[in-house]
Protein chains: 2
Amino acid sequence: MTEMGRRERKKAATRQALADAALRLFLERGYDAVGVRDVAEAADVSVTTLFKHFPDGKEALVFDEDTDREAALVAAVRDRPVGQTVPQALRGLLHEERSRQVRADPGFPDFLHLIDTTPPLREYGRRMWLRHENALAAAIGTDAGLPADDPGCQALAHFALDAVALVHGRPDAETALDRIFALLDNGWSGMTSPGGAGGWER
Amino acid sequence: MTEMGRRERKKAATRQALADAALRLFLERGYDAVGVRDVAEAADVSVTTLFKHFPDGKEALVFDEDTDREAALVAAVRDRPVGQTVPQALRGLLHEERSRQVRADPGFPDFLHLIDTTPPLREYGRRMWLRHENALAAAIGTDAGLPADDPGCQALAHFALDAVALVHGRPDAETALDRIFALLDNGWSGMTSPGGAGGWER
DNA sequence: ATCACTAAGTTTATCGGTTGCGCTTTTTTA
DNA sequence: TAAAAAAGCGCAACCGATAAACTTAGTGAT
């Protein structure tokens with residue numbers, strides 16, 4: 001499974017060296033005070049090589065691959081216990097992820113602080129996170145027996161993901177998340193269960 | 001009230017010349033094919049002057065000041081007819097703005113098409129639009145008798161504004177907006193009127 | 001073991017947006 | 001009218017990002 005030849009191993013190594021050097025330098029001197037040239041030199045590669053490994057640019061140096069977060073999102077919707085609504089399941093997943101982040105390796109708080117205090121990194125992280133919107137919307141649509149491009153599913157997915165950005169930096173982030181998901185849960189249950197699914201008089 | 005000295009008049013003139021030249025060139029050759037140097041030269045000013053007038057950069061050249069859209073948003077919430085909910089009022093405002101945009105001066109469709117087909121401009125426009133989030137949240141909070149930093153108000157404001165970006169490019173944009181606002185209306189009415197305001201079991 | 005193939009990496013050069021600096025010119029104001 | 005304020009200028013540089021042509025080093029099949 002993980003049988004990588006020397007080639008792929010070296011490739012992964014340089015990529016890791018770049019990511020490590022970048023994170024270290026960013027933490028030491030601050031994101032803006034470090035140029036891509038500095039990072040490349042610290043990793044002992046050329047600038048072009050850096051961009052070969054991180055075509056999305058400087059911000060991408062900080063974020064490792066996602067892979068399983070999207071799977072976790074759709075699984076949370078698909079495999080939720082009976083009687084639990086979709087928003088409730090998503091709220092639960094976010095809660096778990098949050099408590100998992102508190103632990104993790106040391107230096108992780110510094111990492112989070114760097115992102116929180118650096119607008120380009122915040123923005124990039126948000127975009128990465130929102131990239132799962134379509135997959136989540138599809139999962140929700142399947143679950144509710146709605147077309148994959150239903151605006152309601154799309155909106156619920158988008159709002160649920162965006163909620164974490166919305167409560168960012170709050171001291172009462174957890175209860176704020178609760179309140180936002182209460183709004184989504186109310187709205188969603190009203191759209192799926194009873195009377196008109198889409199009808200709405202203004 | 002509008003007594004501008006010669007100085008401010010000239011300043012406004014230069015700014016307008018820059019905006020006009022930029023829009024014209026962008027429409028003629030495409031956004032990416034036009035550099036800020038081209039724009040500056042077409043407006044007969046230096047590049048430095050261009051950035052003095054538009055510190056936000058190239059994208060800002062296309063967007064004129066907003067000023068009254070934010071006022072319209074808070075007014076729609078504050079002065080809405082009795083019996084109408086906040087989401088309904090916002091939905092109505094967006095509907096009016098949309099129908100108003102269809103008319104407007106000639107060349108406006110080209111303007112919209114330019115923005116829609118140019119990712120950086122789309123992104124910038126969205127950010128400008130979302131900038132009214134706090135004012136709108138405050139208006140909603142005042143209306144509902146909630147603290148200004150209530151997560152529910154913040155979320156409703158954010159979601160309502162973000163809805164227009166969410167339905168972008170859809171053929172059924174109007175009905176999609178209806179559906180999204182139905183979700184918000186259901187959720188919001190559930191949070192304000194009856195039982196628990198924030199309580200929510202997961 | 002060799003040889004052709006492929007992919008990583010390098011060098012160099014360039015492009016476009018953006019900023020800082022020192023300077024001139026115009027307008028306001030004391 | 002002198003001085004302060006502000007608009008503008010030209011220049012040079014910085015920075016992120018990309019392109020082209022070339023070298024180096026694993027890979028795999030014969």
Side-chain angles (χ1 to χ4, degrees), chain A residues 2-23 25-26 28-63 114 118-125 127, chain B residues 2-23 25-26 28-63 114 118-125 127:
Chain A
T2 51
E3 34 174 300
M4 292 192 276
R6 195 183 338 240
R7 198 176 205 143
E8 301 183 49
R9 245 181 306 120
K10 284 205 165 187
K11 181 174 179 175
T14 45
R15 185 191 170 89
Q16 194 62 35
L18 280 165
D20 290 350
L23 184 57
L25 291 179
F26 291 162
E28 283 178 9
R29 310 182 205 164
Y31 182 77
D32 298 312
V34 178
V36 289
R37 290 159 176 92
D38 301 326
V39 176
E41 185 162 2
D44 202 39
V45 294
S46 72
V47 183
T48 52
T49 297
L50 184 153
F51 280 101
K52 283 251 201 288
H53 282 276
F54 298 90
D56 287 0
K58 191 183 176 186
E59 302 107 29
L61 284 163
V62 179
F63 294 92
L114 173 68
T118 309
L121 291 181
R122 276 241 317 258
E123 187 58 28
Y124 185 80
R127 286 171 64 98
Chain B
T2 52
E3 34 174 297
M4 291 193 272
R6 182 172 343 203
R7 192 173 209 146
E8 299 183 49
R9 244 182 306 122
K10 284 204 166 187
K11 182 173 179 175
T14 315
R15 185 191 171 87
Q16 194 61 36
L18 281 165
D20 291 350
L23 184 57
L25 290 180
F26 291 162
E28 283 178 8
R29 308 184 206 164
Y31 182 78
D32 296 313
V34 178
V36 290
R37 291 160 175 93
D38 300 327
V39 176
E41 185 162 2
D44 202 38
V45 294
S46 71
V47 184
T48 313
T49 299
L50 185 153
F51 278 100
K52 284 256 198 289
H53 282 274
F54 297 91
D56 286 0
K58 191 183 176 186
E59 302 108 21
L61 284 162
V62 179
F63 295 92
L114 172 69
T118 310
L121 291 181
R122 276 241 317 257
E123 186 59 28
Y124 186 80
R127 284 172 66 100

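In what follows, chains are A, B, ... by sequence order, proteins preceding strands, each numbered from 1.
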Tell me: [atom1] of [X] to [atom2] of [N], nearest whole Å?
X: B/Phe54; N: C/dT19; atom1: CZ; atom2: C1'; result: 18 Å
X: A/Glu8; N: C/dT6; atom1: CD; atom2: C1'; result: 13 Å
X: A/Lys58; N: C/dT18; atom1: NZ; atom2: P; result: 15 Å
X: B/Leu18; N: C/dT18; atom1: CG; atom2: P; result: 14 Å
X: B/Arg29; N: C/dG16; atom1: CZ; atom2: P; result: 12 Å
X: A/Leu25; N: D/dC15; atom1: CG; atom2: P; result: 14 Å
X: A/Arg6; N: D/dT27; atom1: CZ; atom2: P; result: 6 Å
X: B/Glu59; N: C/dG16; atom1: CD; atom2: P; result: 16 Å

Identify, with sequence neighbours excluded, every residue that meets side-chain hydrogen bond (donor to acceptor under 3.5 Å, both in side chains) alongside [X].
X: A/Asp20; value: A/Gln16
X: B/Thr118; value: none
X: B/Tyr31; value: none
X: A/Thr48; value: A/Ser46

Please tabulate, for side-chain N and O atoms in residues 5-15 of chain A, each donor-acceptor pair with protein atoms closer than 3.5 Å (sequence neighbours left out).
unit_1: A/Thr14; atom_1: OG1; unit_2: A/Lys10; atom_2: O; d: 3.2
unit_1: A/Thr14; atom_1: OG1; unit_2: A/Lys11; atom_2: O; d: 2.8
unit_1: A/Thr14; atom_1: OG1; unit_2: A/His53; atom_2: NE2; d: 3.4
unit_1: A/Arg15; atom_1: NH1; unit_2: A/His53; atom_2: O; d: 3.0
unit_1: A/Arg15; atom_1: NH2; unit_2: A/Glu65; atom_2: OE2; d: 3.4

* Asked: Does CG in A/Asp56 sit with more than 12 non-hydrogen atoms of other residues, nucleotides or ligands closer than 6.0 Å?
  ->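 Yes, the 6.0 Å shell around CG holds more than 12 heavy atoms from other groups.
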
* Asked: Looking at residues 30-39 of chain B, who's got a heavy atom less than 4.0 Å off DNA chain C?
  ->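 Within residues 30-39 of chain B, the residues near DNA chain C are B/Val34, B/Gly35, B/Val36, B/Arg37.
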
* Structure fact -> Its contact letters, B for base, S for sugar-phosphate only and - for none at protein heavy atoms under 4.0 Å, make nucleotides 5-11 of chain D read BBSSBBB

* **Set of residues satisfying ring pair (Phe, Tyr, Trp, His ring centres under 6.0 Å) with respect to B/Tyr124, sequence neighbours excluded** =>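 Result, ring pair (Phe, Tyr, Trp, His ring centres under 6.0 Å) vs B/Tyr124: B/Phe63.
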
* Rounded to the nearest 0.5 Å, how far does CZ of B/Arg122 lie from CG of B/Leu114? ->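 Here the rounded value is 12.0 Å.
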
* Output all residues satisfying salt bridge (Lys or Arg N to Asp or Glu O under 4.0 Å) with B/Arg127, sequence neighbours left out; order by chain, then residue number. =>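 Result, salt bridge (Lys or Arg N to Asp or Glu O under 4.0 Å) vs B/Arg127: A/Glu123.
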
